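Remarks on the structure that follows.
In this text the structure is predicted, and so the values were computed from the model without any measurement.
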Amino acid sequence: MRDRRSPASPDGLSRRGWIVLVAATAAAAIVLLSVAAFAGGSPAGHARADQTAASPSSHPLDPAPTPLGLPPRPTHTPPVATVPEQPVGSIATGACLQVFPSPWANAYPVIDCASPHIAQVISQGTLPQSASAPFPGAQALNTQVGDLCTAPGILDWNWVAVWNEDVQVELRYPNSAAQWASGDRAYECFVDTYSRHELTGTAVAAH
């Protein structure tokens with residue numbers, strides 16, 4: 001699973017890799033190793049099955065304990081919005097987004113998570129820095145928000161297992177000095193797939 005953090009374009013990510021289970025023994029070994037990593041550390045660890053070079057905007061995460069492989073793509077063409085868009089600031093955690101051009105869009109069409117969708121808001125909040133705090137820089141904010149968005153208890157790892165390492169977390173935060181100076185401290189966390197695969201169900205862990 002990947003975590004894309006910076007405002008780089010969607011094309012800036014490395015190509016995804018695939019886990020190939022060549023024999024039953026190899027499959028069992030991979031599952032055991034994944035379960036051990038999941039049990040011994042937090043789901044938001046620093047290992048992944050795909051070891052291809054990642055851009056600076058990617059953050060490696062542990063795959064789910066039992067990767068099942070990517071399901072068939074529901075459609076062969078990118079979806080288009082069929083419902084009105086809502087401003088990003090009014091969209092609640094858990095909302096599923098019918099289309100998702102990038103984490104930096106001003107608005108998204110929200111639909112029921114049982115319907116095919118491209119992304120979901122898995123967490124959001126306000127950064128703790130005061131209004132007078134100096135701009136820490138995009139990279140520092142990228143790290144801070146990335147830790148918030150991948151904290152334990154946010155993602156449902158059984159859901160992630162279905163989509164395997166194609167899943168990525170994308171971040172939104174005040175990434176410029178001007179935004180920061182305006183007092184903007186909001187951040188949002190989205191989950192989608194590198195391939196822009198249509199998803200179903202919710203990725204948010206039950207509480």
Checklist entry - Atom CG of Asp166 and atom OG of Ser195: how far apart are they, to the nearest 0.5 Å? => result 3.5 Å
Next on the checklist: Measuring from atom CG of Asp192 to atom CD of Glu198, what distance do you get when rounded to the nearest 0.5 angstrom?
Outcome noted: 12.5 Å
Considering all heavy atoms, the nearest [X]-[Y] contact:
X: Pro136; Y: Ala140; result: O-CB, 3.5 Å
X: Thr150; Y: Ile154; result: N-CD1, 4.5 Å
X: Ala92; Y: Val121; result: O-CB, 3.9 Å
X: Ile122; Y: Cys149; result: CD1-O, 4.1 Å
X: Val191; Y: Trp159; result: CG2-CZ3, 4.1 Å
X: Ala205; Y: Gly153; result: CB-O, 3.4 Å

Next on the checklist: Check for me whether the distance between the ring centres of Trp180 and Tyr173 falls short of 6.0 Å.
Outcome noted: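 No, they do not, as the ring centres are separated by 6.0 Å or more.
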Checklist entry - Do any pairs count as a side chain to side chain donor-acceptor pair (under 3.5 Å) and have a residue in residues 122-134, sequence neighbours left out, and if so which ones? => result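 The answer is Thr93-Gln124, Gln129-Gln144, Ser130-Ser132.
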Next on the checklist: Show every side chain to side chain donor-acceptor pair (under 3.5 Å) that has at least one partner inside residues 109-120, sequence neighbours left out.
Outcome noted: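 Listed by first then second residue: Gln120-Thr202.
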Beyond-backbone contact of [X] with [Y], side-chain heavy atoms, under 4.5 angstrom:
X: Val169; Y: Leu155; value: yes
X: Leu171; Y: Tyr187; value: no
X: Leu199; Y: Val167; value: no

Next on the checklist: My understanding is that only one of Ile118, Val83, Thr82 makes a side-chain contact (heavy atoms from CB on, under 4.5 Å) with Ile111; could you say which?
Outcome noted: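 That would be Val83.
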Next on the checklist: side-chain contact (heavy atoms from CB on, under 4.5 Å), that's the test. Do Asp156 and Val204 meet it? Break it down for me.
Outcome noted: CA-CA 5 Å; Asp156 179 348; Val204 178; over 6 Å; no
Checklist entry - Would you find a donor on one side and an acceptor on the other, under 3.5 Å apart, between the side chain of Ser90 and the backbone of Gln86? => result no
Item to check | Short side-chain to backbone donor-acceptor contact, Arg172 and Phe190, under 3.5 Å | outcome: no
Next on the checklist: Tell me every residue that passes side-chain contact (heavy atoms from CB on, under 4.5 Å) with Gln179, counting only those two or more places apart in sequence or in another chain.
Outcome noted: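 For Gln179 the side-chain contact (heavy atoms from CB on, under 4.5 Å) partners, ignoring immediate neighbours, are Pro174, Asn175, Ser176, Asp184.
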Checklist entry - Sequence neighbours excluded, which residues qualify as side-chain contact (heavy atoms from CB on, under 4.5 Å) partners of Ala177? => result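 With sequence neighbours excluded, Ala177 shows a side-chain contact (heavy atoms from CB on, under 4.5 Å) to Phe135, given in chain and number order.
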Next on the checklist: Give me each pair satisfying disulfide bond (SG atoms under 2.5 Å apart) with a member in residues 99-140, each pair once, sequence neighbours excluded.
Outcome noted: Cys96-Cys113
Checklist entry - Other hydrophobic cluster members with Val99, side-chain heavy atoms of Ile/Leu/Val/Met/Phe/Trp/Tyr under 4.5 Å, chained? => result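 Val99 shares its hydrophobic cluster with no other residue.
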Item to check | Verdict with reasoning, Ile91 to Tyr108, per side-chain contact (heavy atoms from CB on, under 4.5 Å) | outcome: CA-CA 8 Å; Ile91 298 176; Tyr108 302 97; 3.9 Å; yes
Item to check | Check: Gln168/Thr193 side-chain N/O donor and acceptor closer than 3.5 Å | outcome: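 Side-chain D/A pair, Gln168 to Thr193: absent.
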